[in-house]
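In what follows, a single structure is set out as structure tokens and then discussed.
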Amino acid sequence: MVRTVRQAGLSLVLLSGVACGGGEETTITTGTEGTGAEAVVTAPVNVEWPSALVTGPGTGPALFLGAEDRSPAIGYVRPGVDVELAEQPVNGRALVRIRGSIKVRAHLVTSRLGLRVQQRGKIGGTEVYVGPGDFVRYLGPSDQAGIVRVEAMPRLTDELFAPAFEGVYPMDRLAATAPPADAERPTAGTPRRLPAGTEVPLYDRPGGAVVATLPASDPGILLEVVRDGAEWKGVRVGQGPYLVGYVNVALGDAGTVAPSAARTDGIPDMLRADAEKPLVRIAAGTRVRSNDQTVAILEGEVFARELARFEDGTVDVFVANDSIGIRGAVPAASVSAATP
């Protein structure tokens, strides 16, 4: 099947589906009986997810108050955040704990949960290659002992991902932890660039089937040549996970990329939007509540945007660090003005 990668920003990487790991399903009811708050959700059975996982790329809210479809969204999570599963997934959401300056207990969409690659290799059934530290989404066990189903989105540039490929990988090559420092990296190739402004088909072998269409961009996408033939070149495309295959176009020099400017004001990226809202600090030890439920505890002083104040002495805020953003109510006494 041909996959076309479209030139777009992070909106491209919204993960399709919210698989709970497969297996049979059973219907359960949550809520307080007779109150009208019941919600039917679907829970996987006979599938155990790892207790330690890590977050991957995606767009939109990732944290919710509950597992029900109509449960409100309360926050965002960036890739690379370690999470602990408190309960097995239900309805495409899992109750998790996240530690750090913002300690969270909430439901996180399973489409954002996965593991880090510990040992390099090719994902079975795909044209995707992974190296140590790369993220793969966890889908559940396969019909082979020790082999699990995973989904990987090759990262072509800082902002552009290919569509997801589903395949299999050995579970003993995956973990929530960072890989060992001496883990073997993918074999180095020769850095080159695709021609600017041109879509380029990627083939599974010289003259074979097209497995992806690489988008036109300026400059062209960076890749590494690992097999250099007269006409066909075996390439590894992206930053990891990678697309691998063959191209038969003239490649250009890799060139250099200027490093991104470092932030110096300490304001988390998630708070750079809504700049018209007051920037405040929330005191350490504060509980962030949503619908009278504690969803986060601040282990240290944290920046926030003040959204509204209420007569009951609470303040509606969006608190964030470099990993997590949570919206909820905090006591007014915990809020103070902040100067970047």
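Reckoned from all heavy atoms, side chains included, excluding hydrogens, waters and symmetry mates.
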Does the pair T294 and V288 meet the rule for a side-chain contact (heavy atoms from CB on, under 4.5 Å), with working shown?
-> CA-CA 6 Å; T294 297; V288 182; over 6 Å; no

How far apart are the C-alpha atoms of E299 and R99, what are their side-chain angles, what is the distance that settles it, and do they pass the salt bridge (charged side-chain N to carboxylate O under 4.0 Å, His left out) test?
-> CA-CA 9 Å; E299 295 291 287; R99 304 189 185 277; over 6 Å; no

Given salt bridge (charged side-chain N to carboxylate O under 4.0 Å, His left out), test D82 with R116 step by step and report yes or no.
-> CA-CA 10 Å; D82 294 319; R116 295 179 173 100; 2.8 Å; yes

When you look at L243 and L214, which way does the side-chain contact (heavy atoms from CB on, under 4.5 Å) test go after all the steps?
-> CA-CA 10 Å; L243 275 175; L214 303 172; 3.9 Å; yes

Verify salt bridge (charged side-chain N to carboxylate O under 4.0 Å, His left out) between D316 and R327, making sure each step is shown before the conclusion.
-> CA-CA 7 Å; D316 182 14; R327 182 172 181 176; 2.5 Å; yes

So T314 and V330, side-chain contact (heavy atoms from CB on, under 4.5 Å) or not? Walk me through it.
-> CA-CA 5 Å; T314 61; V330 299; over 6 Å; no

Taking it one step at a time, do I98 and E84 satisfy side-chain contact (heavy atoms from CB on, under 4.5 Å)?
-> CA-CA 7 Å; I98 303 174; E84 302 168 13; over 6 Å; no

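Residue-environment remark: CD (E276) exceeds the threshold of 12 foreign heavy atoms within 6.0 Å. For CZ of R287, the number of neighbouring non-hydrogen atoms (other residues, nucleotides, ligands) closer than 6.0 Å is 12 at most.
Under the 4.5 Å side-chain criterion, counting only non-hydrogen atoms from C-beta, F318 is in contact with M270. Using a 4.5 Å heavy-atom threshold, the side chains of H107 and S71 count as separate. Annotation: side chain of F165 is not in contact with side chain of E151 (no heavy-atom distance under 4.5 Å). Residues V235 and L202 are in side-chain contact: their nearest non-hydrogen atoms beyond the backbone lie under 4.5 Å apart. When side chains are defined from C-beta on, V319 does not count as touching T286, because their heavy atoms never get closer than 4.5 Å. Using a 4.5 Å heavy-atom threshold, the side chains of L279 and I267 count as touching. Using a 4.5 Å heavy-atom cutoff, the side chains of V148 and V168 are not in contact. Side-chain contact between L95 and L85 is absent, with no heavy atoms from C-beta onward closer than 4.5 Å.
Taking each heavy atom of E48 and Y138 in turn, the nearest pair found is O-OH, 3.7 Å. Taking every heavy atom of both residues into account, L53 and G114 meet most closely at CD2-O, 3.4 Å. Shortest non-hydrogen contact noted between V54 and A176 is CB-O, 4.4 Å. L115 approaches A52 most closely through the heavy-atom pair CD2-O, 3.7 Å. In plain terms, the two heavy atoms of G189 and V226 that are nearest each other are CA-CG1, 4.2 Å. Shortest non-hydrogen contact noted between P186 and P132 is CD-CD, 4.2 Å.
Paired with F64 under the rule side chain to side chain contact (heavy atoms under 4.5 Å, CB included), one option of D69, N91, V109 passes, and it is V109. Each of R205, R227, K233 was evaluated against Y246; a single residue qualifies, R227, per the side chain to side chain donor-acceptor pair (under 3.5 Å) test.
Distance check, rounded to the nearest 0.5 Å: CG of L65 to CZ of R289 gives 10.5 Å. Atom CD of residue E127 and atom CG of residue D204 lie 5.5 Å apart, to the nearest 0.5 angstrom. Atom CD1 of residue I221 and atom CG of residue L160 lie 5.5 Å apart, to the nearest 0.5 angstrom. Atoms CG and CG, on N321 and D269 in that order, are 11.0 Å from each other to the nearest 0.5 Å. With values rounded to the nearest 0.5 angstrom, I324 atom CD1 is found 6.5 Å from I326 atom CD1. From L223, atom CG reaches atom CD of Q239 across 12.0 Å, with rounding to the nearest 0.5 Å.
Side-chain N or O atoms of R173 include none that pairs as donor or acceptor with a backbone N or O of Q118 at under 3.5 Å. Panel note: side chain Q88, backbone W49; a donor-acceptor pair is recorded below 3.5 Å. Under a 3.5 Å cut-off, the side chain of T55 and the backbone N or O of R78 do form a donor-acceptor pair. Between the side chain of R155 and the backbone N or O of G238, no donor-acceptor pair lies under 3.5 Å. Here the side chain of Y169 pairs a donor or acceptor atom with the backbone of G121 at under 3.5 angstrom. Side chain of T110 to backbone of G92: a donor-acceptor contact under 3.5 angstrom is found. With R149 contributing its side chain and L139 its backbone, the two residues share a donor-acceptor pair below 3.5 Å. For the pair R112 (side chain) and A62 (backbone), a donor-acceptor distance under 3.5 Å is absent. Using a distance-only test at 3.5 Å, with no hydrogens or angles considered, a donor-acceptor pair links the side chain of S142 to the main chain of I147. Checking side-chain atoms of S290 against main-chain N and O of Q293 turns up no donor-acceptor pair under 3.5 Å.
Under 4.0 Å is where a charged nitrogen must lie from a carboxylate oxygen, and between K277 and E306 no such pair does. A salt bridge does not link R137 with E166: every distance from a Lys NZ or Arg NE/NH1/NH2 to an Asp or Glu carboxylate oxygen is 4.0 Å or more. In summary, D134 and R120 do not engage in a salt bridge, as defined by a charged side-chain N under 4.0 Å from a carboxylate O. Using a cut-off of 4.0 Å between Lys/Arg side-chain N and Asp/Glu carboxylate O, R93 and E68 are scored as not salt-bridged.
Connection of V317 to V104 is established within a shared hydrophobic cluster, with ILVMFWY side chains joined at heavy-atom distances below 4.5 Å, either directly or through further cluster members. Note on L307: it clusters hydrophobically with Y76, by side-chain heavy-atom contacts below 4.5 Å among ILVMFWY residues. Under the 4.5 Å side-chain contact rule for hydrophobic residues, V150 and V244 do not share a cluster. Note on Y242 and V211: separate hydrophobic clusters, where clusters join Ile, Leu, Val, Met, Phe, Trp and Tyr whose side-chain heavy atoms are under 4.5 Å apart, directly or indirectly. Under the 4.5 Å side-chain contact rule for hydrophobic residues, V136 and V237 share a cluster.
Between Q119 and D172, the side chains place no donor N or O within less than 3.5 Å of an acceptor N or O (distance only, hydrogens not considered).
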